[in-house]
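To start, the structure itself, in structure tokens.
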Amino acid sequence: MKVYFDQEGLVQSQEFYVNEDLPYSLFCSISSVFPFVKYEQELEEINDYCFFILSHLEDNIKTLISDSEVSFELIKGGRPQREYTKEELKDLFNPAYMFSPVLTWERLSRDVNKCTLLLLILSYLESSLNEIAKWFCEKRSIALGKKEKGVSEIAFYLRKIGQCCKCDLEKTLENELAYLNRVRKIRNQFVHRGWSMAEEDYDEFRLCEVIDAAAKIFAGTEKAACDAGIIQN
């Protein structure tokens, strides 16, 4: 039976210093002003934490496969959305396969773990944007106010930061914002409905893309602040 494991396109942060041809980016501060240098370091650490967790889950699955009394084949990448063959269905309903810890850990890594790491990245981004918005609003003597109903936290903070920088960050970062709004709905569904979430939703995002969007949000807010003279480049 085939089991699937996806590294979500992630690499260790040190790879960014030696390889320019990577599928996503990390945030690199252009101002070296605190807290933007902190965000640079922390997003790098979160990236490496996600990579560490995925690597160890993969190692655990490999160990379980080697110890298994039935045959498994580990496939790198996500499980394709397709119909099973008769032989595959036969294996799926074979008790030796059904109750194997290999399949249990495959499901945990693909479903629960992936959304747990998504929750980590989005919570960090929302918290950081809250910190930036409060800082800029205080500097400009603008009231932070309250988030309107139906508006995401990320969109709300970008709107306030843009107001302080006299620019439309929601427009500048509309692609990243649209992507994060989609994955935020998956995060919220996971938080409120737990493991009953439809499996297809997990295929709508990759963790490297989420980190890339977060990096571009940080870069966009820092550039806007430099252009507006809130911080010096």
Distance (rounded to the nearest 0.5 Å) between [X] [atom1] and [Y] [atom2]:
| X | Y | atom1 | atom2 | answer |
| --- | --- | --- | --- | --- |
| Leu43 | Leu125 | CG | CG | 8.5 Å |
| Gln7 | Leu57 | CD | CG | 9.0 Å |
| Phe51 | His56 | CZ | NE2 | 9.5 Å |
| Leu129 | Lys160 | CG | NZ | 14.0 Å |
| Leu119 | Cys115 | CG | SG | 8.5 Å |
| Phe27 | Lys216 | CZ | NZ | 14.0 Å |

- Query: Can we call the ring centroids of Phe52 and Tyr49 under 6.0 Å apart?
  - Reply: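 No, too far apart.
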Do [X] and [Y] come within less than 4.5 Å of each other through their side chains, counting heavy atoms only?
| X | Y | result |
| --- | --- | --- |
| Cys208 | Glu8 | no |
| Leu207 | Ile121 | yes |
| Glu174 | Lys171 | yes |
| Ile61 | Ser109 | yes |

- Step by step, would you call Ser100 with Met1 a side-chain contact (heavy atoms from CB on, under 4.5 Å)? CA-CA 11 Å; Ser100 170; Met1 176 180 285; over 6 Å; no
Has [X] got a side-chain atom pairing as donor or acceptor with [Y]'s backbone, closer than 3.5 angstrom?
| X | Y | value |
| --- | --- | --- |
| Glu176 | Ala214 | no |
| Glu73 | Lys2 | no |
| Asp212 | Ser25 | yes |
| Ser127 | Ser123 | no |

- Item | salt_bridge(Arg187, Glu126) N-O dist < 4.0 Å |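 Yes.
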- Message: Any carboxylate oxygen within less than 4.0 angstrom of a Lys/Arg side-chain nitrogen, looking at Arg184 and Glu153?
- Response: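 The answer is no: the pair does not qualify as a salt bridge.
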Identify the two heavy atoms, one from [X] and one from [Y], that lie closest to each other, and give their separation to 0.1 Å.
| X | Y | value |
| --- | --- | --- |
| Ser68 | Val70 | OG-O, 2.9 Å |
| Cys50 | Leu120 | SG-CD2, 4.5 Å |
| Ser152 | Asn181 | OG-OD1, 3.3 Å |
| Cys165 | Ile230 | SG-CD1, 3.7 Å |
| Gly9 | Pro23 | O-CG, 3.8 Å |
| Leu169 | Gly220 | CD2-O, 3.8 Å |

Anything under 3.5 Å between a donor and an acceptor, one on a side chain of residues 137-148, the other on a protein residue two or more places apart or in another chain? List them.
unit_1 : atom_1 : unit_2 : atom_2 : d
Arg140 : NE     : Cys164 : O      : 2.9
Arg140 : NH2    : Ala228 : O      : 3.1
Lys147 : NZ     : Val151 : O      : 2.9

- Residues forming a ring pair (Phe, Tyr, Trp, His ring centres under 6.0 Å) with Phe5, sequence neighbours excluded: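 Testing Phe5 for ring pair (Phe, Tyr, Trp, His ring centres under 6.0 Å), a comparison that skips the adjacent residues, returns none.
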- List in chain and number order the residues that pass ring pair (Phe, Tyr, Trp, His ring centres under 6.0 Å) with Phe16, two or more places apart in sequence or in another chain; answer none if no residue qualifies.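 Phe16 satisfies ring pair (Phe, Tyr, Trp, His ring centres under 6.0 Å) with Tyr24 only.
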- Output, in order, the C-alpha distance, side-chain angles, deciding distance and verdict of side-chain contact (heavy atoms from CB on, under 4.5 Å) for Phe36 and Ile231. CA-CA 10 Å; Phe36 283 101; Ile231 58 177; 3.8 Å; yes
- Query: Stepwise, does the side chain to side chain donor-acceptor pair (under 3.5 Å) test hold for Ser13 with Asn47?
  - Reply: CA-CA 7 Å; Ser13 59; Asn47 174 84; 5.0 Å; no
- Query: Do Asn113 and Leu108 pass the side-chain contact (heavy atoms from CB on, under 4.5 Å) test, and can you show the C-alpha distance, the side-chain angles, and the key distance before you say yes or no?
  - Reply: CA-CA 6 Å; Asn113 175 68; Leu108 286 172; 5.9 Å; no
- Task: Let me see the working for Tyr4 and Glu106 under side chain to side chain donor-acceptor pair (under 3.5 Å), right down to the final yes or no.
- Result: CA-CA 7 Å; Tyr4 295 82; Glu106 181 200 24; over 6 Å; no
- Message: Please determine whether residues Leu10 and Leu22 belong to a single hydrophobic cluster, defined as Ile, Leu, Val, Met, Phe, Trp and Tyr linked transitively by side-chain heavy-atom distances below 4.5 Å.
- Response: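 Yes, because Leu10 and Leu22 connect within a single hydrophobic cluster, where side-chain heavy atoms sit under 4.5 Å apart.
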- Item | salt bridge (charged side-chain N to carboxylate O under 4.0 Å, His left out) assessment of Arg206 paired with Asp6 | CA-CA 9 Å; Arg206 301 189 80 201; Asp6 192 352; 3.0 Å; yes
- Message: Looking at Phe205, I'd like to know if the NZ or CZ of Lys114 sits under 6.0 Å from its six-membered ring centre while staying within 45 degrees of the ring's axis.
- Response: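 That pair qualifies as a cation-pi contact.
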- Query: Would Glu131 and Tyr39 count as a side chain to side chain donor-acceptor pair (under 3.5 Å) if you check the C-alpha gap in whole Å, the side-chain angles of each, and the deciding distance to 0.1 Å?
  - Reply: CA-CA 11 Å; Glu131 183 178 23; Tyr39 303 142; 2.7 Å; yes
- Message: side-chain contact (heavy atoms from CB on, under 4.5 Å) for Leu158 and Ile154? Distances and angles first, verdict last.
- Response: CA-CA 6 Å; Leu158 286 179; Ile154 294 174; 4.1 Å; yes
